[in-house]
K.L.:
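Would you mind keeping the following structure in view while I ask a few things?
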Amino acid sequence: MRKFGKAGKAAAIAAIAALALTACGRSDSGSSGSSSGAAGFAQNSEIGVALPQKTSENWVLAEGLFNDGLKGAGFTADVQFANGGVSEQQNQISAMVTKGAKVIIVGAIDGSQLGTQLAQAKQAGATVIAYDRLLLNTPNVDYYVAYDNFKVGVLQGQALLDGMKAKKATGPYNVELFAGSPDDANAKVFFNGAMSVLQPKIDDGTLNVVSGQKSFDQAVTQGWKAENAQKRMDTLLASSYNAKTLDGVLSPNDTLARAIITSVKSAGKPIPVVTGQDSEVESVKSIMAGEQYSTINKDTRNLVNKAIDMVKKLQAGQTPDVNDDKSYNNGTKVVPAFLLPPVIVTKANAKDAYANDPTLSKLTQ
Ligand code: BGC
């Protein structure tokens, strides 16, 4: 797990300020009138943060950053993981409402299963912020803060093409597609972003998905679990790659990328180009060692700071900044969002990309 010293945090705050300036270029004025016009609340109020399971390093980092950041700003922080699953997360959010939380920040396990608890939260006057993952089919979500998920997928799709081209100048290339967990609203957005780049290349014959498994439903990895991705890769290799070379694999995140690479290695096959996401320590090491091809930098410090920034605005009775008021329709409403820009990282730009990350910069020397 990454730890950040004071200098790192100061750098992150400076980076956020810079980000806010650029990311708000489109306009800061998109705040939706339908969002809760909070009248402000006491500085030491309870702020609930409901996190999902620890399916990737970013969630573990978020826990510490929310605790430190909220307490540092004078709030009373209640940060919970729901390792037991959806019903545990439902209970945690209800408990936050009962304790009188003024803002509830939710990283949902399943964004469509919290409708009752979010309605309770709104009835009690709390503001609800969806964190990283959108909350679906409910009017009771006020803001969304996340990295641009569609862009993440676009960057992954492009990296897959670039990586394969660098190894072998022309196609056709044999590839397989993996997606995240279907209960996480992000998983389909990542996949759609990647397919916006890859589908035209499948259609024109540059890419050959040898297994034929091209749809999201066929590509999903339940629970974002490494063992599920590894098992599926084992099966795909055995059924489709006895006589063929696998050139590339679209992997939606680093945990799954490493599982895919483990499967390929244990089948005694050459490692294909494998994408990822999250800049997890073990994947950055793998990239520097020339195994995993790419990851995405979505600095958790910036995302947590942005969420806390929203809380501070609400506390002061102001409207939080948003920079996108059209992209995230949750099935009931368009949720005003603040989207941060993801960055693609390969061995070629890792040193620059992690220059202000005290942990990851050490791995790129
Ligand atoms: C996050 C990813 C993460 C995945 C699994 C997604 O919702 O956006 O960063 O890899 O969950 O934890």
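Reckoned from all heavy atoms, side chains included, excluding hydrogens, waters and symmetry mates. Just so you know, ligand 1 is whichever comes first in the structure, and atom 1 is the first atom listed for that ligand.
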K.L.:
Please report whether the ring centroid of Phe191 lies less than 6.0 Å from that of Phe178.
P.N.:
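When the ring centroids of Phe178 and Phe191 are compared, they turn out to be at least 6.0 Å apart.
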K.L.:
For Thr295 and Asp254, does a side-chain donor sit closer than 3.5 Å to a side-chain acceptor?
P.N.:
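Present: a donor and an acceptor within the cut-off.
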K.L.:
Using only heavy-atom distances, determine whether the side chains of Ser279 and Tyr354 contain a donor-acceptor pair under 3.5 Å.
P.N.:
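Yes.
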K.L.:
Is the NZ atom of Lys244 crowded by more than 12 outside heavy atoms at less than 6.0 Å?
P.N.:
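Atom NZ in Lys244 is not packed in, count stays at 12 or less.
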K.L.:
When you group the ILVMFWY residues by side-chain heavy-atom contacts below 4.5 Å and let the links chain together, are Trp224 and Val189 in the same group?
P.N.:
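No, Val189 and Trp224 fall in different hydrophobic clusters.
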K.L.:
Taking only heavy atoms of the protein into account, state which residues are under 4.0 angstrom from an atom of ligand 1, in chain and number order.
P.N.:
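Under the 4.0 Å cut-off, ligand 1 touches Thr55, Ser56, Asn58, Trp59, Asp132, Arg133, Asp184, Asn186, Phe190, Trp224, Asn253, Gln277, Asp278, Lys298.
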K.L.:
Under 4.5 Å between side-chain heavy atoms, hopping through other hydrophobics if needed: is there a path connecting Val220 to Leu250?
P.N.:
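They do share one cluster, since a chain of ILVMFWY contacts under 4.5 Å joins Val220 to Leu250.
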